[in-house]
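To start, the structure itself, in structure tokens.
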Amino acid sequence: MKTNIKRVAAALCSCTLLAAGLTACGSTEAESVMDPTVAVQVQNVRRGSIELQGTYVGSVSAAESVNVIPLVQGATVESVNVAVGSEVKQGQVLAKLDSTSADLTAKNAQAAYNSALAQAQGALGGQWKTNIYSAERGIDQLDDNIDNMNDSIDDFKNGTAYKMAKNARNDAKAIYDTLRDQTSSYKSIQSLAVGITEQNKDLLAAMQVSGNVGDTAEVKGNGAYYVNSLAEIANLGEAESGMDSTARKNVLAMKQFVDNGGVLESLTDAKVDAAKAGYDQAQIAFDQVDSQLSQLETQRDSLKAQKETAEGTLDITQSETYNETVASLQAGLAQAQVGLDSAAYQQSLYTLTAPISGTVESVGLTKNGMASASSIAFTISNKNTMQVTFYVTEDVRDEFTAGQAVTVSRGSSTYGGTITEIGNAVDMQKGLFKVKATIYDMPDLASGVTASITTTCHSAKDVIVIPCDAVYYENGDAYVFVARDGTAVKTPVETGIYDDQNIAITSGLIEGQQVITTWSANLIDGCAITVPGQEEAEETADSAASAQG
């Protein structure tokens with residue numbers, strides 16, 4: 001059963017006209033009526049858009065509206081500077097409360113800050129610089145004392161007493177060392193003489209012939225003579241002489257002693273002991289003088305240690321101690337500043353100012369009355385920009401976008417605006433989603449009045465769009481007739497949104513097809529159709545093409 005409400009009346013009218021025509025006309029007209037070809041109008045399938053408008057009821061309010069509430073409890077109102085309807089600027093004083101207690105607190109906070117500042121300036125000002133200056137002068141004085149002590153040490157070392165004692169000690173030591181070494185060598189040579197001469201008697205005999213050495217007995221008796229003889233043997237080298245390196249060294253040393261005029265017989269233990277006693281006495285005398293030098297050097301080293309300690313203390317004072325002092329003083333100043341800022345803030349609470357520019361809509365204070373932290377003192381609205389709040393269902397909310405245009409109507413006046421806020425959660429009282437739109441140029445509307453809002457609630461863009469009259473329904477399923485090769489083809493389609501003229505086709509048609517837009521009782525699937533004017537247009541086009549060919 002196919003239905004189309006508009007076409008029911010048209011069908012009834014056609015039947016009446018058909019009967020009348022058959023009665024009034026002859027056989028020629030009857031034959032024409034019985035012609036099965038159906039004349040139709042067609043429209044090319046195209047893409048387009050459909051938008052559906054929805055109208056809602058909302059509440060108008062100022063887009064910016066604030067309540068001014070006192071933050072102090074029980075303060076006396078000294079003055080109220082505005083009334084309902086007053087235009088105010090942001091920051092303008094609305095009322096003043098009695099701030100006597102807050103003023104006293106602020107004075108105490110300022111005094112505490114001034115004290116902390118003076119302490120900081122004193123600790124890091126002249127007092128600090130004086131301490132650093134004194135420490136630096138102390139180090140300079142220690143430097144001078146060390147230089148003076150070095151001069152005293154140099155003078156003492158270059159003095160006659162120190163030099164004489166040192167030279168006497170060195171001379172006595174040289175005499176003692178020489179006698180001790182020569183005596184030791186002499187004794188060693190004496191003990192070696194017999195053995196060496198015995199071992200080298202043949203060599204000595206040969207040397208005797210040359211007149212260089214005497215016999216063994218002569219060697220034993222004449223120290224200088226046997227030293228010369230042994231020196232000749234030592235010069236032969238270790239392999240030929242039989243002397244080890246130590247013996248050869250001693251012999252040659254004795255030879256040098258004799259050559260220098262030394263008398264071997266004078267090398268006795270008694271003389272060595274006497275030289276040792278002289279050296280010891282000279283060492284004692286030198287030690288006494290040298291101890292004075294040691295005292296001076298000890299004093300100088302003590303001054304150097306004092307200077308090193310003073311420099312280390314100054315370095316710590318200028319770095320770590322200074323930084324710690326600065327940090328401590330800064331903490332004190334910061335704490336005092338917090339107290340000062342807190343007191344200033346408390347003072348500011350006793351002066352009520354306008355947080356925004358706008359119109360005073362309510363005043364809740366009276367002069368000499370008491371301010372309450374639980375009551376609204378003033379309500380201020382900025383009516384340069386108004387807003388309207390309305391509620392929609394979820395499917396409509398999903399269609400809305402921020403910045404979408406709306407039309408607001410109140411009585412005979414309309415205003416433009418845009419959606420600025422779309423709720424994400426359902427309002428528990430309304431069961432709908434809250435939407436806000438900003439409206440411009442509405443100075444004549446009061447807050448709280450109702451208005452109607454019209455805007456696009458559903459839309460379909462870039463879809464197949466055909467006239468609503470081209471769609472038929474059978475058992476709830478939609479279909480259209482497509483003109484194809486002079487025949488009407490019944491084509492199932494799926495439909496979307498529609499308005500009073502057009503409907504969106506979501507599937508079943510493609511661009512370029514021709515859909516039949518007129519209704520006829522004889523229009524059925526597969527029937528022959530003709531499009532008035534189309535054949536003439538095609539013939540004209542063909543003639544033009546032939547002429548060009």
Side-chain angles (χ1 to χ4, degrees), residues 114-184 253 256-257 260 270-334:
N114 293 340
S115 176
L117 181 60
Q119 182 182 358
Q121 291 173 340
L124 298 178
Q127 179 182 344
W128 179 267
K129 293 178 180 178
T130 299
N131 292 338
I132 298 299
Y133 178 79
S134 297
E136 291 175 342
R137 295 291 71 77
I139 293 172
D140 293 341
Q141 184 61 50
L142 288 171
D143 265 333
D144 293 340
N145 293 341
I146 292 170
D147 291 340
N148 293 335
M149 191 58 66
N150 283 328
D151 292 341
S152 298
I153 291 171
D154 292 339
D155 292 342
F156 188 85
K157 287 181 178 180
N158 295 324
T160 302
Y162 183 81
K163 285 185 176 181
M164 289 180 63
K166 184 176 181 181
N167 291 335
R169 190 276 313 267
N170 292 342
D171 291 344
K173 184 177 185 303
I175 293 171
Y176 166 67
D177 290 341
T178 300
L179 288 174
R180 182 190 57 190
D181 293 342
Q182 290 178 349
T183 300
S184 176
Q256 184 177 7
F257 176 74
N260 291 335
K271 290 185 177 181
V272 172
D273 291 340
K276 176 66 167 60
Y279 167 63
D280 289 342
Q281 186 176 1
Q283 181 66 51
I284 291 172
F286 175 74
D287 288 342
Q288 292 176 348
V289 177
D290 193 54
S291 65
Q292 299 177 29
L293 177 62
S294 297
Q295 291 177 2
L296 294 174
E297 291 176 338
T298 299
Q299 294 176 14
R300 178 197 61 190
D301 293 341
S302 176
L303 292 172
K304 288 183 177 180
Q306 293 178 35
K307 177 189 173 184
E308 183 177 351
T309 300
E311 288 177 334
T313 301
L314 178 61
D315 182 64
I316 293 174
T317 300
Q318 290 179 316
S319 56
E320 297 179 13
T321 303
Y322 180 81
N323 292 336
E324 291 172 357
T325 302
V326 170
S328 176
L329 294 173
Q330 285 178 338
L333 276 173

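When reading the values below, keep in mind they use all heavy atoms of this one structure, side chains included, and skip hydrogens, waters and symmetry mates.
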*For the pair Asp140 and Arg137, evaluate salt bridge (charged side-chain N to carboxylate O under 4.0 Å, His left out) and give the outcome as yes or no after the intermediate values.*
CA-CA 5 Å; Asp140 293 341; Arg137 295 291 71 77; 2.4 Å; yes
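Residue Glu136 qualifies as enclosed at atom CD: its count of foreign heavy atoms under 6.0 Å is above 12. By the neighbour-count criterion of 12 heavy atoms within 6.0 Å, atom CD of Gln292 is densely surrounded, having more than that number from other residues, nucleotides or ligands.
Although no hydrogens or angles enter the test, the distance criterion places a donor-acceptor pair under 3.5 Å between the side chain of Thr313 and the main chain of Thr309.
Ile146 has its side chain within reach of Asn150: a pair of non-hydrogen atoms, C-beta onward, lies under 4.5 Å apart.
Among residues two or more places apart in sequence or in another chain, the salt bridge (Lys or Arg N to Asp or Glu O under 4.0 Å) test is passed with Lys173 by Asp177.
Taking CG from Asp143 and NZ from Lys304, the interatomic distance works out to 10.5 Å, rounded to the nearest 0.5 Å. The distance from the NZ atom of Lys276 to the CD atom of Gln281 is 12.0 Å, given to the nearest 0.5 Å. With rounding to the nearest 0.5 angstrom, the CG atom of Asn145 is 10.5 Å from the CD atom of Gln299.
Between Ala168 and Ala282, the closest heavy-atom pair is O-CB, 3.8 Å. The two residues Ala310 and Ile139 have their closest heavy-atom pair at CB-CG1, 3.6 Å. Minimum interatomic distance between Ile175 and Ala275 (heavy atoms only, all atoms of both residues): CG2-CB, 4.2 Å.
Of the candidates Leu296, Asp144, Thr298, Met149 forms a side chain to side chain contact (heavy atoms under 4.5 Å, CB included) with just one, namely Leu296.
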Can you list, pair by pair, the side-chain donor-acceptor contacts under 3.5 Å of residues 152-166, counting residues two or more places apart and other chains?
unit_1: Ser152; atom_1: OG; unit_2: Asn148; atom_2: O; d: 3.2
unit_1: Asn158; atom_1: ND2; unit_2: Asp154; atom_2: O; d: 3.0
unit_1: Tyr162; atom_1: OH; unit_2: Asp290; atom_2: OD1; d: 3.4

